[in-house]
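Below: one structure, written as structure tokens.
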Amino acid sequence: MSKNYIISREHLICFCTDLFKGYGVKADEAKIFAEALVSTELRGVKSHGMVRIRNYIDRINAGTLDLDKEITIINETSTTALIDGNNGIGMVICKKAVDIARKKAKENGIGVVSVRQSNHFGAAGIWGIELAGEDMIGICSTNSEPIVSAPTGKTRALGSNPFSITAPAGKYPHVSLDISNGVMALGKVYEYKRLGKLFPEGSWLDTDGNPTTDPNANPVAEFIMRPFGMHKGFGLTVMMEILTSLLAGGAYGPEIPSVYRDIDKPNPISHFFMAIRIDCFRELSDFKSSVDELIEYLHGLPVRDGNKSVLYPGEIEAKIAEKNLKSGIILSEDVVNELKDMAKAKNVVISNSPFKIAPDELESIPQI
């Protein structure tokens, strides 16, 4: 029987930072990379956390992530910037873009940053929260390789193009919507395979474009995602494509190789970041009070049997993060073994990063 491991947020950041440094990532960028992934894992978004590291390392080994080039600012005004990521680490590029957007918003009320030639940026929600901070509304999106079919299609059309819209509250955690435009994130296929469970109907097409509920129907990277709400999700995918790649002058659709299947090719994706300073519209404290009131209104709505209350966007993740900060982050045995194997392959000496066997009462969060 497999076991789970437990590790604190701080120790997991140390582990991941040391791991990335061992593969040639600069120390400061390794820490940004690690913090982004651990923040995602902390919030229970396991499909975009530790399970993604293997792919990042494979791309570093293949030379399709450039660890040396700095980002380039192509165009800039007092409120906008266009950045070329020069095929660097997506999360490092995103951190710099978020910082620029917030700085412009602090100075001028709004900051918009468009990015091209980046790489996978992780979970949109962590960047939405960073953009928002305690005083702004944050909006971000990314495009990706084609994976979502058109409502009537049987092949990949565009990326799932996730986006986040985030706002701070007063006495509650951020309201933070973080969704892709497909029924289910590709990373969650790994959880279905691990748990031996079938997909919900209407989630995926197989390699031949036929509906399937079997997570073992074909290799993970070959599944074709269905858009949520059919024309609604597909319409949002198209618009996010315009906000990301077309605004930045980046690649889209078949111009983007697969992040999993084409390890030997760059994955040049584009992002969009916007920060809006709330006090340019109304008093910040009044706004936050209004958000609190909205949350309490939602919590007070009648619910069907078996449900405690209506949850607002980001509430579940915030509760998971609060719990994990206190008790530690749970990782499955196969994930921990893979992390250790990657460290061992480079003779990485891991400092101050113990993985402990988790008590039986602490369970990993299934991403289904």
Side-chain angles (χ1 to χ4, degrees), residues 2-20 30-54 56 91 94-95 121-134 138 162 164 166 168-169 171-179 185 187-188 190-192 194-195 295 299 308-309 311-340 342-343 350-368:
S2 63
K3 51 185 176 287
N4 290 326
Y5 287 84
I6 190 167
I7 185 169
S8 71
R9 172 186 177 275
E10 294 74 16
H11 285 162
L12 190 54
I13 288 173
C14 285
F15 179 97
C16 292
T17 300
D18 288 347
L19 178 65
F20 294 140
K31 189 176 183 196
I32 292 170
F33 201 179
E35 287 176 340
L37 285 166
V38 174
S39 292
T40 303
E41 191 79 37
L42 184 76
R43 291 173 61 79
V45 189
K46 290 185 171 292
S47 60
H48 286 65
M50 298 299 104
V51 297
R52 295 278 182 154
I53 292 181
R54 173 79 269 172
Y56 300 139
M91 291 172 214
C94 289
K95 173 63 175 169
F121 88 164
I126 63 168
W127 303 119
I129 290 171
E130 285 226 16
L131 279 164
E134 293 300 325
S164 175
T166 303
K171 57 186 178 181
Y172 297 99
H174 290 77
V175 179
S176 184
L177 176 68
D178 173 4
I179 59 172
K188 292 187 179 181
Y190 293 102
E191 281 293 290
Y192 275 88
R194 186 175 70 83
L195 296 170
I295 290 170
H299 282 168
K308 292 182 178 179
S309 69
L311 301 174
Y312 67 86
E315 184 171 2
I316 292 174
E317 292 85 353
K319 288 180 177 178
I320 292 170
E322 182 181 19
K323 174 179 175 290
N324 285 344
L325 279 172
K326 293 177 181 177
S327 61
I329 296 170
I330 304 296
L331 298 174
S332 65
E333 184 175 20
D334 55 341
V335 169
V336 170
N337 287 342
E338 186 170 54
L339 291 173
K340 289 181 175 179
M342 286 185 281
I350 303 298
S351 60
N352 194 28
S353 52
F355 292 94
K356 298 178 181 179
I357 296 176
D360 291 339
E361 62 268 21
L362 294 177
E363 296 182 359
S364 182
I365 302 161
Q367 290 292 292
I368 61 172

Under 4.0 Å between a side-chain nitrogen and a carboxylate oxygen: does that hold for Lys319 and Glu322?
no
What pair of heavy atoms forms the shortest contact from Ala30 to Thr17, and how long is it?
CB-O, 3.7 Å
Examine the side chains of Ser176 and Asp178 and answer whether a donor and an acceptor come within less than 3.5 Å of each other.
no
For the atom pair CD1 (Ile329) and CD1 (Ile7), what is the distance rounded to the nearest 0.5 Å?
7.5 Å
Side-chain contact test, heavy atoms from C-beta onward, threshold under 4.5 Å: evaluate it for Lys46 versus Leu331 and give yes or no.
yes
Nearest non-hydrogen partners of Gly125 and Ser164, listed with the distance
CA-OG, 3.7 Å
If you round to the nearest 0.5 Å, how far is OG of Ser39 from CD of Glu317?
13.5 Å
Flag side-chain contact, heavy atom, 4.5 Å: Leu37 against Ile13
no
Decide yes or no for Ser332 and Arg194: does some side-chain heavy atom of the first lie under 4.5 Å from some side-chain heavy atom of the second?
yes
Working to the nearest 0.5 angstrom, can you tell me the gap between Ile126 CD1 and Leu42 CG?
11.0 Å
Test item: Ile357 and Asn4 side chains (from C-beta on) under 4.5 Å apart, heavy atoms:
no
Contact check, side chains of Val45 and His48, non-hydrogen atoms, under 4.5 Å:
yes
Are any side-chain N or O atoms of Glu315 and backbone N or O atoms of Tyr312, one a donor and one an acceptor, separated by less than 3.5 Å?
yes
Mind telling me whether Phe121 and Trp127 have parallel, tilted or perpendicular rings, with 30° and 60° as the class edges?
tilted
Below 30° counts as parallel, above 60° as perpendicular, anything between as tilted: where do the rings of Phe355 and Tyr5 land?
perpendicular
Quick one: closest heavy-atom pair of Phe15 and Lys340, and the distance?
CZ-N, 4.2 Å
Can you see which heavy atom on Pro173 is nearest to which on Ala169, and at what distance?
O-CB, 4.0 Å
Which atom of Pro168 lies closest to which atom of His174, heavy atoms considered:
CA-CD2, 3.7 Å
When rounded to the nearest 0.5 angstrom, what is the spacing between OG in Ser47 and CD in Glu41?
9.5 Å
Any side-chain heavy atom of Met50 within less than 4.5 Å of one from Ile53?
yes
Is any side-chain heavy atom of Leu311 closer than 4.5 Å to one of Ile316?
yes
So Leu339 and Asn337, do their side chains get closer than 4.5 Å, heavy atoms only?
no
Specify the closest pair of heavy atoms between Lys95 and Ile32, including all atoms of both residues, with the distance to one decimal.
CB-CG2, 3.7 Å
Measure the OG1-CD1 distance between Thr166 and Ile129 for me, rounded to the nearest 0.5 Å.
5.5 Å
Measure the spacing between CD of Glu35 and CD of Glu130 and express it to the nearest 0.5 Å.
8.5 Å
